[in-house]
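To keep things clear, I will list the structure first and then write my remarks on it.
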Amino acid sequence: METQFLDLLRRRSAYRAIDPRPVEKDRLQAMLEAAQLSASCMNFQPWRFLVLDEAEALEKGREALVDGNYWARTAPVLIIGLSRAELDCRPADGREYFLFDLGLAAQNLMLQATEFGLTARPMAGFRPDVIRDAFQIPETYTVLVVIAVGYEGDLNTLKENHQKASTAPRTRNPLEENFFFNRFEEPDPS
Ligand SMILES: Cc1cc2nc3c(=O)[nH]c(=O)nc-3n(C[C@H](O)[C@H](O)[C@H](O)COP(=O)(O)O)c2cc1C
């Protein structure tokens with residue numbers, strides 16, 4: 001079935017080349033509003049996002065990126081997603097919801113970026129301690145993700161493997177591997 005929403009999800013860019021031209025402030029604002037409209041446990045809204053869009057702050061963010069994420073250095077905006085457990089639901093049986101809710105908000109932010117034709121790619125490949133030191137983030141926070149945001153740039157600035165990955169079709173498991181109706185059955189790992 002084709003829906004406008006599935007189309008938006010398919011357009012979420014796998015592209016890594018990012019043009020340095022700035023992202024319009026009103027578009028950035030809309031992305032933050034999209035994140036803010038996310039569901040969260042008891043509406044605790046535990047997500048915190050640190051938006052880097054000025055030269056000095058951006059440079060500090062770029063320094064935290066691992067070498068493999070060299071492509072994100074041209075992004076005019078880096079958005080750091082962070083939270084801490086005490087900001088969200090913590091049922092007595094040990095479940096924690098802060099990272100789940102941070103992820104929901106990050107996804108909404110990225111989808112709004114997609115609607116604007118922006119690339120918004122999340123990264124685990126960064127050094128949280130570098131971010132923590134640069135922006136005086138308390139130890140109680142988990143600095144979970146950096147999202148590189150910007151308009152699509154020149155593919156030739158990328159290493160060959162990233163050029164290929166940027167234009168390759170998306171790969172996903174068949175639905176049966178991840179979704180179950182009415183009974184759960186762990187697939188045969190062989
Ligand atoms: C938590 C998380 C961490 C990721 N870290 C990186 C990263 O450090 N560098 C990178 O290029 N892509 C990173 N990605 C992007 C994934 O590689 C990408 O989403 C995945 O391969 C599926 O491709 P698609 O997003 O184009 O559908 C990350 C994605 C997530 C959700």
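None of these values were measured; they are calculated from a predicted model. One-based numbering, in listed order, for ligands and for the atoms of each.
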Mind jotting down which protein residues get a heavy-atom contact under 4.0 Å with ligand 1? Chain and number order, please. R12, A14, R16, N69, W71, R121, P122, M123, A124, G125, R170, R172
Looking at residues at least two apart in the chain, or sitting in another chain, which of them share a side-chain hydrogen bond (donor to acceptor under 3.5 Å, both in side chains) with Q107? none
Salt bridge D129-R127, side-chain N to carboxylate O under 4.0 Å: no
Salt bridge or not between E59 and R73? Use side-chain N to carboxylate O under 4.0 Å. yes
Residues 18-36 vs salt bridge (charged side-chain N to carboxylate O under 4.0 Å, His left out), sequence neighbours excluded, gives K25-D53
Residues at least two apart in sequence or cross-chain that pass salt bridge (Lys or Arg N to Asp or Glu O under 4.0 Å) with D67, listed by chain then number, are none
Nearest heavy atoms of A75 and I18, plus distance in Å: CA-CG2, 3.6 Å
